[in-house]
Structures are given as C-alpha cells and as structure tokens.
Protein chains: 2
Amino acid sequence: MHVSNHARPTLEDVAARAGVSRATASRVLNASPRVSPEALEAVNAAVLALGYQPNRAARALVTRRTGAVAVVFSEPEPKIFDDPHFARLIRAGARALADVDVQMVLMLVHSPDDQARAHRFLAGGHVDGALVFAPHRNDELVSIVKKLPLPVVYAGKPWGSLRGMHLVDNDNEGGAVLATEHLKSLGRKKIVHVSGPLDELSAIDRLNGFRTALGLDDKAVARVVEDGGFTREGGRKAMSALLAKVPGLDAVFVASDLMAAGALETLHEAGRRVPEDVAVVGFDDHVAIAEHTSPPLTSVRQDSDEQVKHMVEHLMKLLRDETVKSKKQMLPTVLVRRESA
Amino acid sequence: MHVSNHARPTLEDVAARAGVSRATASRVLNASPRVSPEALEAVNAAVLALGYQPNRAARALVTRRTGAVAVVFSEPEPKIFDDPHFARLIRAGARALADVDVQMVLMLVHSPDDQARAHRFLAGGHVDGALVFAPHRNDELVSIVKKLPLPVVYAGKPWGSLRGMHLVDNDNEGGAVLATEHLKSLGRKKIVHVSGPLDELSAIDRLNGFRTALGLDDKAVARVVEDGGFTREGGRKAMSALLAKVPGLDAVFVASDLMAAGALETLHEAGRRVPEDVAVVGFDDHVAIAEHTSPPLTSVRQDSDEQVKHMVEHLMKLLRDETVKSKKQMLPTVLVRRESA
DNA sequence: CTCCTCGATGAAAACCTTTTGAGCCGCTGG
DNA sequence: CCAGCGGCTCAAAAGGTTTTCATCGAGGAG
C-alpha cells in the first residue's frame, strides 16, 4: 500500500486536540456563524497543527455533492483540437475551477460511443454540474445533456431552443461588425470574408456581422464569402478561391486567426502586399498567432479566459441554488489593431 | 435542488429487488467469485432494471480509493501550451483514463503558487495516483512529488536521480539517430541541427542522437547547432542563424515539427529549395503540421497516444499493487518519410 | 428567586458501500 | 449417524463527515 499509511488525521482528531466535539469542529470548517470565538480559534489551531484535510469522499457522501464538475468538449473532428483555442479553454477551465476548489473532470466527446459514455457518467451523479462546449449544429450531445437534471452552463449558443439554458457567449456578431467597420473606415471598397464552417453558430454570427455591416443580400454574400473551416489550410484555400472570384479585393475579414495565418500565406504567394494592397483582420486575437504573422495581425479579441471564468462563476451560483439573475451573458469583443489593417 | 431528487437507487434497493442481501449484491458488482450463478443473474437483472449506478463517494469512503488520478503538467511558460503536442497529450490522457473508468483531474502548474496548490492537493489524498509531465531541468515540482507517498508515473525522464521512479519515455536519442542517418544516406554532407531548449531532457537526447550519429565533438556541435526553443518563431530564427553560420548547409534536422515549420519558412524566404538544396527532417510527426508544410515534412514519429496509454496502464498496475516488472519503459520511434527529405 | 430565552455545544443519526466473521446447508468420509 | 468441510449467504461494523435535536448554561425579565 503506497497510499499514506501514516493515517491521515480525521475530524475526530482535530476535535479532540481542540477540546471540542466533532460537530463543533465541523461547524468551524464550514464557517457556520454559531460558534464561539474561542472554539473557532482552537479548532483552527488544531487543523494547522495536524495538517488536517477533510476527507472528500466522506463529505460527498453526506452532502450529496461531489465537489467535481465536468468540462465537456463535443467535437466530431478530433483534429480541431489542434487549434490552440482549445488548449486555451482547457487551461482557463483548469485554473478557474481550481480557484474555487472544485475538481475538473475533462470529457472529450468525439464518437457516439463517447456520447453514451458521457451520458452514463453525467447521469451517474459523479459530478455536480457541467460546462459544455458544443459548437456544432444538431449536436446529439446537447439533447442528451438537456434532459439531465444537472446544472449546465454552455459556452456560446448551442444549436436549438435556448429555453431555460444558461450560457456565456462572446459577441461574435458585434466583433464582426467592428472588424468590418474598421475595414470600411480605411476606405476599402471590395471587402470579402473567410468564414468558419457554417454548422457552427459562432461562424454564422460572425458572418452575420460582416453581412449587416456591409448591408449585403444573399446573392452578394455568395459572391464574397468562402468557408475556411476554421483551419489554417482551409484559410489558405478560401483565400485562393476569393482571389479568383474577386480579383480586385482590397480587404478581407477572416473569422479566425488560424485561418488568417493561412490567408496571409496565400496573399503573400499571390504577391499582394498587406496591408497596402489588401487589409486583413482576424478573429480571436490569439496572441501566439496574431503577433507572429507577417505583418502582425489586426484581430478581434474574444477573451476566452474571461468567458470560462464567467461560466464557472455562473455554474457555482447555480450550485448554490441562488436564483441567478441573468441566464444568457454576452461578453464584449474589442478590436486589437496591429499592422495588417 | 436540481440534483436528482428522483432518489437514485441504492445497493440496498438492488439487493431487495434481487432477493439477496446487500453483501451479495456488492460481491456481484465487484466480480467476486464466491457467488452463485442464480444470485449473480438476479442481481445483474436488478441492476439493469433499476439503472443502478454505484455511489462513488460511498465506495471511496470504504475502499480508501478515490477512483481519480491527477494529470499534472508542469510548465513555467504557459504559452508552450499553444503547442499542439500538449493538446494531444491531454486528449490521450482523457481517453485512456476514461477507458479504465477513472476520473482525470487535470492540473496545470505554472507558478510557485500553483506548485503549492498542487502539493496540497496531491498530499490531500484526493487522488490515487498521478501522471506527471515535467520536462524541465530542476523542476521544483518533481522534488515535491517525489516526497509524496503517491504512485506516480512520469512522462519522459524528469531531471535528477531516477531511483525508484516509474516512467515512460520516447526513444528521443534513437529517433534523432534515425533522422540523421537518413540525411547521411541521402548523401548530405553539411548537416546542421535546430535543437529544443537545452533545459529539457528530450531536447538534449535528440541533440545527443544527432551528435553521435555524426561523431561530433563539443566544438563541432557549437558550430552546427542552434537552439530554437521548441517554438515556431524560434525555429525561424535558429534557421536564419544557421544559414549565416554554415552557408553551405545541405540538410537540417529540426528537433520538433513546430520549429521545422518555422525553419521551412526561413529556407523558403532565403530562396533555398527543399529538398533539392536543403533536406529537412522534423521530430514528433505531428500530422496537423507535418502534412501541411510545403513540402510535407519528413519527421520522426513519437506516438504520444501510445506513450500516455502505457503510462496509464503502468499506473493502474501500481495501484493494483502488482509488482511491476519494469520501471522504465522506452517507446520506439520511427522515421516517416514525406517530401522534405 | 423562578422562569424563559438564546446561544453554543454535544450525542447520535444518516449518507452508501465494502468487508469480516459467523451461520447455514448439504454433502462426504469415517 | 456424526463430524467436518466447502460453498454461499447474511448481519453488522467500519469508513469520515454533516446535520438535527436535545441539552446545558448564562443572562434577563418578571
């Protein structure tokens, strides 16, 4: 037996040392008001002296709370995880949850098998709640999760009805407007757009922002928009296609930095100077990318850290059963100017 | 109260329905041999009928096992997580652990504060074991973890004494030899190397492989090696430096695909054709990168999925307290030929 | 002085599972 | 026929915490 045979101290031990009962010690730990200052101090001292740490299992057993939440990424294309955006979200989640002392159980859902597993797990009462990242249209997982009696906060708008759901979204549309207006303000006349895959709502919202900023109808949209699939390679290809379709283009709004990096490569190869000939604006403001393209990329910042932080905060409120004021939060986006536009 | 007021069934309920005692039901669940076929069937039927799921907390309380393991990434430079390699490892970990039905608690350790938190958590008995990724020299976290009475499996060799440690490493040195020999076999005469940061053992091992394959002494190494810091930008710069130092170079072995992508850009800008003028071999065989560089990158494959799978397997053995045969495992690397060399 | 009230405390129940020690039953060997 | 044994089963204890309910003591009001 590896695991700490040095008998970890129990609450009983703490109580004994502090000269109080287990009940009182427990009250101190849970910051109950009904405890005398002396008792409080004695218990705290004992805790410190013994290096006491509450036994999570015992606590979970009686409180019917696990102290863990699931962080679920539903994504049929595993390779999308190569997007640094994903790493950033995980990192933010790990940090935000650690800060409130709850365990993060990461679940990556790719296949129907994974969905079934996730269903079992979430229904099995192994977590108190969940943070769900499911950007795709008609994602089966969302329907599954919706039926569960489990507090859930979504990242962005999941597809389908939003009734009774809690979510924290970025202002994708607003950011797209910002980007497009900026290009207009530079005097650009032929502005095109590399969109994300249109089965993701964030991509749609960005496209809509672009479209309203320019007042385009459906036909016009078809002429000046290409889907880049949120990948670098896709950005490259979409840019080529647009150069062919709209030879005189002088500006492009790209719906993600990763795609923008690809688009810049294409423009470079095509001999177009950025920003002189073509102004480029990305989306995400993913620093590791945007600061290292040539030229550095002007981009719309969406603060993922902030988004995740809000999601966690919101979920904790749900768990405390406070009646939560707002169910949908929209986080602002801002334009970060660098050299590409 | 959101959380399942539909009173989840307990083992008692299952036992009652199956017409046996709690003890027998428990034995069935834990696959004890001492149970009659009839009882077994009855219990299984009851479990299915009631949709019973064991209560993790209660089980943890009595078995003194949490059913969770920590996956710890220690990395002073948070931005390194932009490396897709990191995402891949996390993904592999999540999958491998889910397969054996244990929860993965992800811990990202950047600062001394994080270290303290990790220490508290790991010492607090919240997990049964840990998988530790700590590639850097003199990482404080390793010393901390070493002292804990906790089964741990390391990814790669952590710095310092390896006594009594369990680890699963990739054959970095062997892979580097493979890459270098390949370049030699192509008839290349002036082969240089872009290394990773030399406070990481994997980078050192790769450098050593390069060095032994070419039989270089210290001075020679200084002449033909540049540190690219395992970043794309670093790869770019290192390549420039090498072009200046060794104008006649005709091959380069780059210690990571991300750096190789940067190096290719530099070579391209310098007007060197790949592979005609300069042959390039990367390391990692990170498909999302290697297949999309121009030209596609020849690279040394290290199978991270496999590595993590082995780590999990090994840790489970440790937990079962089986005396484990080998303490250090070395995973082979292979050369994947594409067009860059 | 007595009766109440109120705040702090303690004893004990409850949470759900695993595991131990004992019991039961039917059989075999003497 | 009996002792003993082997195979299953059960009752009960154990695990560490929170929480309810009762108790105790002090202080205030009458």
Please pick, from [options], the nucleotide with the shortest atom-to-atom distance to any side-chain atom of [X].
{"X": "Val62(B)", "options": "dT9(D), dG15(D), dG16(D)", "answer": "dG15(D)"}
{"X": "Arg22(B)", "options": "dC10(D), dA12(D), dG15(D)", "answer": "dA12(D)"}
{"X": "Asn55(A)", "options": "dC10(D), dT18(D), dG16(D)", "answer": "dG16(D)"}

Are OP1 or OP2 of [N] and a side-chain N or O of [X] less than 4.0 angstrom apart?
{"X": "Arg64(B)", "N": "dG16(D)", "value": "yes"}
{"X": "Thr24(B)", "N": "dT9(D)", "value": "no"}
{"X": "Thr63(B)", "N": "dG15(D)", "value": "no"}

If you round to the nearest 0.5 Å, how far is [atom2] of [Y] from [atom1] of [X]?
{"X": "Leu122(B)", "Y": "Leu141(B)", "atom1": "CG", "atom2": "CG", "answer": "7.5 Å"}
{"X": "Asn55(B)", "Y": "Arg8(B)", "atom1": "CG", "atom2": "CZ", "answer": "6.5 Å"}
{"X": "Lys327(B)", "Y": "Arg163(B)", "atom1": "NZ", "atom2": "CZ", "answer": "9.5 Å"}
{"X": "Arg95(A)", "Y": "Ile90(A)", "atom1": "CZ", "atom2": "CD1", "answer": "14.0 Å"}

Donor-acceptor contact below 3.5 Å, side chain Gln103(A) vs main chain Thr66(A): no
Exam field: side chain Asp169(B) to backbone Met330(B), donor-acceptor pair closer than 3.5 Å: no
Start and end of the DNA chain C segment that chain A contacts, any atom under 4.0 Å from a heavy atom: dA8(C) to dC16(C)
First of Ala57(A) and Ala23(B) reached from the 5' end of DNA chain D, by closest nucleotide: Ala23(B)
When the distance from [atom1] of [X] to [atom2] of [N] is rounded to whole Å, what number comes out?
{"X": "Arg27(A)", "N": "dT19(D)", "atom1": "CZ", "atom2": "P", "answer": "10 Å"}
{"X": "Leu11(B)", "N": "dA11(D)", "atom1": "CG", "atom2": "C1'", "answer": "14 Å"}
{"X": "Leu61(A)", "N": "dA14(D)", "atom1": "CG", "atom2": "P", "answer": "17 Å"}
{"X": "Arg65(A)", "N": "dT19(D)", "atom1": "CZ", "atom2": "P", "answer": "10 Å"}

Residues in contact with DNA chain C, drawn from residues 30-47 of chain B - heavy-atom cutoff 4.0 Å: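 Within residues 30-47 of chain B, the residues near DNA chain C are Asn30(B).
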Worked verdict on Arg117(A) versus Asp99(B) for salt bridge (charged side-chain N to carboxylate O under 4.0 Å, His left out): CA-CA 10 Å; Arg117(A) 198 213 303 270; Asp99(B) 279 344; 3.2 Å; yes
Validation row: His136(A), Ser74(A) side chains within 4.5 angstrom (heavy atoms):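 When only atoms from C-beta onward are counted, Ser74(A) and His136(A) do not touch, as no gap falls below 4.5 Å.
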Matching residue for Asn170(A) among Gln307(A), Glu306(A), Gln329(A) - test: side chain to side chain donor-acceptor pair (under 3.5 Å):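 Single side chain to side chain donor-acceptor pair (under 3.5 Å) partner of Asn170(A) among Gln307(A), Glu306(A), Gln329(A): Gln307(A).
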